[in-house]
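Working notes for the structure below.
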Amino acid sequence: MDLVEPTSYMKNNTMLNNEQINNLNVFGYVVIKNVVSQNLLGEITSVFNLWLSKMLYDWKKEGVNIPEEFISEVNIYNFLSIWEQLGKPNFRRRPNKYLINEQVYKIMTNEFLIGIAKLILGTSDISSHGIFNARCQFPNHQETKTPVHQDTQYWVLDYGKGDQTSLIQNHKLFTFWIPLDNVNKESGAMEVIPKTDFGNTLFSPYDYAYEETGFLGLSPTELSKHKLIPIEMEKGDLLIFDQLVPHGATKNISPNIRWSLDIRYELTATRPEIGKKYGFQIDSDNSSKKEWLLRKQS
Ligand SMILES: O=C(O)CCC(=O)C(=O)O
C-alpha cells in the first residue's frame, strides 16, 4: 500500500514535518509529540467518565449489586477501586455504539485531528471509521491486554456483507491512538512491528479466543520471527499508524489502569462496510452529525 502521496495538502502543511511524514511512510507509524491539547484531553476524559457511568448502570441492570453513588461518581481515577470492590465484573470492550454521542462527534471532528488525517490521506474526502474505542487496560489482566494484530485482519471479515478483501486493496486508513497518561513498556504502551520488517504482508488471523474476547492477531509462531518495538509516550502525544502495522499493548504491570482512545480516519471513496456502519463522512457543515447520532439505536 502506498501511504502518502505528496499532494497539495502536504505542500503547505505546518502540522507534520518532513521527518514525521517520512517515518509514517517508511515505518508505517509515527509519534507526534505534545500535540493533544489539554482541552482535547479534557474532552476525552469526560467521554470516558460518562462511558464508565453507563457501563456501571448496565452492570446494575444485569444484576451486579452497585451502590448509586458509584454510578454518579465513577471516573477514570476511581474506576479501578470500584471495579475491585464490585468483585471485578467481567470486562470486555464495549460495542462502539456506547460511544455515539455529541461529545465523541466533537472529538472526531476536532480541527487539528482532521487536519492531520486529511494531510496523510492526501484528500479532504475522508471519513471517520466506525471502529473506535475507549480502552481500559487493567493492571495484570490478560483479558484487557490486546494481542498484536493488524487492523486489516478485522477489516476483511465478512460482517454479513460478503468478502471485503478486494475493497481494502487500494484503501488507506490511519489509526490515531491517544493515551490519557504517560505510557511505557510496563504500563501498557503500544508495541509495533515496523513496516521495514514485514513489508505489506497481511498475516492470516490467529484466533485469540475471538468468540469470548473479540481478539484476533498474529500467531505466536509469526510473532517469534519479529521484533516488537515498544512506543513510550507522554500525555499529550499522538501515535498514528496505518492499517497494516502489527500492534498490541505491552503488559500493564503498573498499579494503574492504562486509558486510551483510538479513532480512525479513512478514504471515503474506498471504505469497506465495517467502516461505514458506525462511521461518518467528515463534512464542513457537520451534516452527517444528526444521522450518525441516530445510529446508536441501530
Ligand atoms: O489500546 C490498545 O490496547 C489496543 C489499540 C488497538 O489495537 C488499536 O488502536 O487498533
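Side-chain atoms are counted along with the backbone in the values below, which use heavy atoms only and exclude waters and symmetry mates. Ligands are counted one by one from 1 in listed order, and the atoms in each one are counted from 1 as well.
Salt-bridge check for Lys106 with Glu43: passed, with a basic side-chain N closer than 4.0 Å to an acidic carboxylate O. Comment: Lys33 engages Glu234 in a salt bridge, judged by a side-chain N to carboxylate O separation of less than 4.0 angstrom.
Taking the six-membered ring where tryptophan is involved, the planes of His129 and Trp155 are tilted, since the angle between them lies from 30° to 60°. Ring orientation note: the planes of His247 and Phe241 are tilted relative to one another, at an angle of 30° to 60°. Ring orientation note: the planes of Phe138 and His141 are nearly perpendicular, at an angle over 60° on the 30°/60° scale. Relative orientation of the Trp292 and Phe132 rings is tilted, given thresholds of 30° and 60° on the angle between their planes.
Contacts of ligand 1 (protein heavy-atom distance under 4.0 Å) are Arg135, Thr146, His149, Asp151, Thr175, Trp177, Met190, Phe241, His247, Ala249, Arg258, Ser260, Asp262, Arg264.
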